[in-house]
Protein chains: 4
Amino acid sequence: MLNRVILIGRLTRDPEMKYTPTGIATTTFTLACDRPFQTNGQKEADFIPIVTWRQLAETCANYLKKGRLTAVEGRIQVRSYENNEGKRVYVTEVIADNVRFLERGEQQEQSRSERNDPFQDDGRPIEIKEDDLPF
Amino acid sequence: MLNRVILIGRLTRDPEMKYTPTGIATTTFTLACDRPFQTNGQKEADFIPIVTWRQLAETCANYLKKGRLTAVEGRIQVRSYENNEGKRVYVTEVIADNVRFLERGEQQEQSRSERNDPFQDDGRPIEIKEDDLPF
Amino acid sequence: MLNRVILIGRLTRDPEMKYTPTGIATTTFTLACDRPFQTNGQKEADFIPIVTWRQLAETCANYLKKGRLTAVEGRIQVRSYENNEGKRVYVTEVIADNVRFLERGEQQEQSRSERNDPFQDDGRPIEIKEDDLPF
Amino acid sequence: MLNRVILIGRLTRDPEMKYTPTGIATTTFTLACDRPFQTNGQKEADFIPIVTWRQLAETCANYLKKGRLTAVEGRIQVRSYENNEGKRVYVTEVIADNVRFLERGEQQEQSRSERNDPFQDDGRPIEIKEDDLPF
DNA sequence: TTTT
DNA sequence: TTTT
């Protein structure tokens, strides 16, 4: 009925953009959110998978980079599928509807043509198979 | 760095309370959060596991019931463990620090002694094994 | 850069709907949000003005009532104006983009025609003067 | 019943710390939160007053500066008082319980002794009058 | 001016 | 009275 998440963290690696067969852009990345406390020197961050779609996906692919401090607003989504051993696997992701770049990169000054362009030489987006879809 | 979740949904079943070997109460339940849109008649809710600790765990065990509309505030936690086939399994839960009961049950009128008491007849809490721990 | 508010509380009175001269619906109401603690028996709630627009405004006018438990998602807006003594007055409101009715009223069972209709007998919305605008 | 605010913005000026007569630190500042849209070239930010208390107040006074990008978590508080003309004035503030410094200043590298110390030469905190209190 |  |  209400499902709202707000995160601030750093990308664990460069974002990955793909296109659905119908040409919809989707970009995924993982946010490392440091916990406000230490658990006996053990793991102290949560690694949260983020999924973006369409225009937001393109912007994220263009402006985000590994290590960049980033704010994400969205909702928790839980999906499940059957793996090749017939066992049900649950996947939890944050579907973002608002992403804020809290650190500017050099890339931000680049012109569009200098950026990695999500299109093939013939102008068509790179297709991905259905089972590559984040949901 | 910041990790905040706010959910409103209904319990899919009665909450389950356990005690750690050191006597700390922990209650878990699952919230069904209806999505604000339908995806071609398919699944239309996210089932999100909630974990509470200590005093909050006891209150949740006493006052929550299957189907009850409930608000939860907390943070996303991702933990992983190795399963018996040696594969790493990821578990995502919301660790709640604030739970609001949006519907009063008949139980809410009961006196404490009439409620299900999380103690054994001898007054000691029911112990649970370490690997029963939600995290 | 990011501005997000989530509230659960009860309406202090029935919501008020108006129309701008250009025919846009806007509904305002106040949420009483009980504080989680008591300050020496003194005031123990915050009374927060909520503003909704367009379709959401119409739904709120139709379904909300004084006393009804309600969840609101939105952003804080601070506007200021000069009063008739030439002093600047600051007004803080929550502009809602998502409202959840946590209690169903009898009205919810009523058909549309039985509800208070925001239109005049001739079908035109009731106009309001510019200075009636919530912002 | 639930009252949660999350903001990201920049300080409009240096924070101001005071002490209550009983020695409790309180620091206030204003966050400029740019709106995600432009309203015909008009005002495009909300200026939101933030109040912090105790340890958090001291940390904010030590580490925040005008212009610094900052995340704030807290709750909306509405208080009112009678002004000298006998009119009731309403004040809305965000009482923060979590503040994240999203930009490091040079000051952050300084040792504690180099920072502005909130104590007088004799070690006593600077007292403030009751009506200086933010609430 | 305030809700349960 | 406002920040980049």
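Scope of the values below: all heavy atoms of this structure, side chains included, with no hydrogens, waters or symmetry mates. Quick caveat: nothing in here was measured; it's all calculated off a predicted structure. Order of the sequence lines fixes the chain letters, A, B, ..., with proteins taken first and strands second; residue numbering starts at 1 for each chain.
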[X] side-chain proximity, nearest of [options]:
{"X": "D:R10", "options": "F:dT3, E:dT4, F:dT2", "result": "F:dT3"}
{"X": "C:Y90", "options": "E:dT1, F:dT1, F:dT3", "result": "F:dT1"}
{"X": "C:D34", "options": "E:dT4, E:dT2, F:dT4", "result": "E:dT4"}

[atom1] of [X] versus [atom2] of [N]: gap in Å, rounded?
{"X": "D:I48", "N": "F:dT2", "atom1": "CD1", "atom2": "C1'", "answer": "13 Å"}
{"X": "C:F101", "N": "E:dT3", "atom1": "CZ", "atom2": "P", "answer": "21 Å"}
{"X": "D:K87", "N": "E:dT1", "atom1": "NZ", "atom2": "P", "answer": "13 Å"}
{"X": "C:D14", "N": "E:dT3", "atom1": "CG", "atom2": "P", "answer": "12 Å"}
{"X": "A:E103", "N": "F:dT4", "atom1": "CD", "atom2": "C1'", "answer": "15 Å"}
{"X": "D:L7", "N": "F:dT2", "atom1": "CG", "atom2": "C1'", "answer": "16 Å"}
{"X": "D:L64", "N": "F:dT4", "atom1": "CG", "atom2": "C1'", "answer": "16 Å"}
{"X": "C:R68", "N": "E:dT2", "atom1": "CZ", "atom2": "P", "answer": "21 Å"}

What nucleic acid atoms does C:G67 come within less than 4.0 Å of, heavy atoms only: base, sugar-phosphate, or nothing?
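Contact class for C:G67: sugar-phosphate only.
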
Would you check if the side chain of A:T59 reaches a backbone N or O of A:A57 as a donor-acceptor pair within less than 3.5 Å?
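Answer holds: no.
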
Side chain to side chain donor-acceptor pair (under 3.5 Å) against D:R100, all qualifying residues, sequence neighbours excluded
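Expected list: D:N98.
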
So does D:R35 pair up with D:E44, basic N to acidic O under 4.0 Å?
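No, this pair does not count.
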
Taking only the side-chain nitrogens and oxygens of D:R88, find out if one of them lies under 4.0 Å from OP1 or OP2 of E:dT1.
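True: D:R88 side-chain N/O within range (under 4.0 Å) of E:dT1 OP1/OP2.
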
Sorted by first residue and then second, give each side chain to side chain donor-acceptor pair (under 3.5 Å) pair with at least one member in residues 5-15 of chain A; sequence neighbours left out.
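Matches after skipping sequence neighbours: A:R10-A:E103.
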
